Novice: 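Right, I'll just put the structure down here and ask away after.
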Amino acid sequence: MATVESYQALCKHLIVASKIVGTEIWTAPGKMKPGSFLMLFQVLTYFVANTYTVIKYRHDLIYVLKVLITLGSAVQLFVKFIVLVSRGDIFQEYGKQIERDLLRPFENGTEVEIAALSRAGRFLWQVFHFLFYLIVSTGIGFVLYPLFMYMSQGTLLPLFLYELPYLDWHSVDKYFIHFAFQLQLYVLGMILEVMSGYLIVMYATYAIVRADICLIHLRELRTMLDDASKKSDAADKAAMRKKWEQCMYDHRLATSFLNNVEDLFGMICLAQVMMGVFTVCNCMLLVVLVNWYPVYVFLGATFFELSAFFVIGHLVEQKIDELYDAITSLSWYRLSLQQQKEYGFVVFRQQRPLGLTAFGFMPLNFESYMSVLKGLYQFFVLVLQYVE
C-alpha cells in the first residue's frame, strides 16, 4: 500500500473514533458537537457518582481505595478530551503537515527515503492492531468478571464500584441501570484512550521519520564534503550547495515536527504521568491490603501505559541526539563562508531543548522513568513496613 494511502486509511479509523467520543479533530476541529456534550455530561456524572460513593463509604478505607482506582484514568481522559476539543484545529493542521511535508514529497523518493516511510507505516499498523485486540480482550474480561463472580459465589457486583446517587444497585432493576451506564462509559472511555494514545504514537513516529529524512540528507552531504577537494568544479559546488539548502530545509521541518509534538501533547503527558503514578500507588496499597483480582488488571494496564509514554519520549530524545551528532560531524570548514554562518545557526538551534516533556516539568526519557520507578519502589517499601 502506498504511504499516503496507508496514512489516510489510519486516519479514517481515527475519524470514526473521534466522532464517537465527540472530539472530531478531523471533521469539525475546535467545535462542540452533540457527541461532545454527551461525553462531557457522562464524565461529569462519573465525577459526581465517584464523589458521592467516596463520601458514602468514607469510613471504609479499603472500599474507598477500590472506588478511587478508576479516578486517575477518568481525570486523564477528561484532560485528553479537553485538549483534543480545544486544540482540534492545531491537531488537524499537523495532520495535514504530515501528508504535505513528509509523505507526498518522499513516497516516490530514493530507496532509503521510501524504506524509512515504509517502516513507519508498518509499525503504525502493527501498533493499531495490537491496541485494538488488547482493548477488546480487556473489555471482555471486565464485562465477564461480574458474571463470573455471580456464577461462582452468587455475589451481585457492578462493573465498577462507584454508585449513581440515590440508585441502589443491589436491587435488580437499578443494577442494570448502573451496569448499562458503566458499560457505555467504559466503552467511550476506552475509545478515547486508544484514539488519544495512538495519536501520540502516530504523530511522534512521523516526527521521528521526518528527522530520519533529514539524517539521510545530512549523511549524503557529509559524504560530498569529505570527497570534496580544493579544485572542485562548478558542478560539484552547485550540487553541494543544493544539498546544503535541502539539509537546511529538512532541519527546519524536522524541528517544526518535533516542536509540534511537544506543543500538542505536553499537557496530556503531564496528566498521564501524574494520574498514572496516583493509580499505581493506589493499586500497590490494595495489593498489600487485600486479595482483589481487578487491582492486578488495573496495575498492569496503568503501568504499561505509563511506561509507553516514557518509551516514546526516549525514542524522540534519541533521534534528536542522533540529529545533533550528524550535524556536528559535518566537515563544516569546507562550506562556503555564507554556509558556515548558516551552519552556526543550525548548531545553535539544535542545542536548544527539544523533545517530549510533561508540559515542561520533566522530560519523558529513561532518566525520568528511573526516577519515577525509584519513587514508586520507595512508596511500596514504605507501605510494606507500615502493614507489617
Side-chain angles (χ1 to χ4, degrees), residues 3-4 6-7 94 97-124 126-127 200-228 236 239-263 265 311-336 339-357 363-366:
T3 303
V4 175
S6 176
Y7 172 72
Y94 183 53
Q97 186 184 16
I98 289 173
E99 186 173 342
R100 181 183 66 246
D101 295 334
L102 175 61
L103 300 180
R104 292 197 181 277
F106 299 108
E107 67 174 347
N108 296 316
T110 64
E111 183 179 349
V112 183
E113 293 168 349
I114 294 174
L117 295 179
S118 299
R119 283 195 304 270
R122 288 193 300 270
F123 169 75
L124 289 174
Q126 290 170 356
V127 173
I200 296 174
V201 174
M202 184 172 72
Y203 281 6
T205 299
Y206 281 125
I208 290 173
V209 173
R210 196 61 189 85
D212 274 329
I213 298 295
C214 184
L215 285 168
I216 292 170
H217 296 157
L218 283 170
R219 294 186 184 111
E220 292 173 352
L221 176 63
R222 182 174 61 187
T223 302
M224 295 174 67
L225 289 172
D226 292 342
D227 295 340
D236 292 338
M240 197 179 303
R241 182 172 61 254
K242 184 178 180 181
K243 181 62 66 176
W244 169 252
E245 292 173 353
Q246 184 183 36
C247 289
M248 289 280 290
Y249 177 75
D250 287 338
H251 183 265
R252 181 175 64 83
L253 282 182
T255 54
S256 173
F257 272 58
L258 293 166
N259 282 331
N260 283 338
V261 172
E262 161 62 16
D263 180 56
F265 298 107
V311 169
I312 295 170
H314 172 74
L315 293 176
V316 171
E317 184 184 66
Q318 197 175 41
K319 191 57 61 178
I320 293 170
D321 292 341
E322 191 176 346
L323 193 60
Y324 180 79
D325 292 340
I327 292 171
T328 54
S329 64
L330 289 175
S331 300
W332 58 270
Y333 50 87
R334 293 184 175 176
L335 297 169
S336 67
Q339 291 169 348
Q340 289 181 20
K341 293 179 181 179
E342 294 170 349
Y343 176 80
F345 283 111
V346 171
V347 174
F348 175 75
R349 177 64 187 87
Q350 193 63 27
Q351 289 175 340
R352 290 179 58 189
L354 284 171
L356 202 58
T357 69
L364 296 186
N365 52 30
F366 276 170

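Because the structure is predicted, anything quoted here is derived from the model rather than measured.
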Novice: What residue pairs, at least two apart or across chains, pass salt bridge (Lys or Arg N to Asp or Glu O under 4.0 Å) with a residue in residues 244-255?
Specialist: R210-D250
Novice: Go through the structure and list residues passing ring pair (Phe, Tyr, Trp, His ring centres under 6.0 Å) with Y249, not counting sequence neighbours.
Specialist: none
Novice: How would you list all residue pairs meeting salt bridge (Lys or Arg N to Asp or Glu O under 4.0 Å) that involve residues 115-124, not counting sequence neighbours?
Specialist: none
Novice: My understanding is that only residues two or more places apart in sequence, or in another chain, count here; which of them pass side-chain contact (heavy atoms from CB on, under 4.5 Å) with E322?
Specialist: L215, R219, K319
Novice: Can you sort out the partners of E342 under side chain to side chain donor-acceptor pair (under 3.5 Å), two or more places apart, ordered by chain and number?
Specialist: W244
Novice: Residues in side-chain contact (heavy atoms from CB on, under 4.5 Å) with I312, at least two apart?
Specialist: I200, V201, A204, L356
Novice: side-chain contact (heavy atoms from CB on, under 4.5 Å) with N108: which residues, sequence neighbours excluded?
Specialist: none
Novice: Sequence neighbours left out, what passes salt bridge (Lys or Arg N to Asp or Glu O under 4.0 Å) with R349? Give chain and number order.
Specialist: none
Novice: Listed by chain and number, what are the side-chain contact (heavy atoms from CB on, under 4.5 Å) partners of N365, not counting sequence neighbours?
Specialist: E317, P363, E367, S368
Novice: Tell me every residue that passes side chain to side chain donor-acceptor pair (under 3.5 Å) with S118, counting only those two or more places apart in sequence or in another chain.
Specialist: none
Novice: List for me each residue that meets side chain to side chain donor-acceptor pair (under 3.5 Å) alongside T255, sequence neighbours excluded, and say none if there are none.
Specialist: none
Novice: Which residues pass the side chain to side chain donor-acceptor pair (under 3.5 Å) test with D263, not counting sequence neighbours?
Specialist: R87
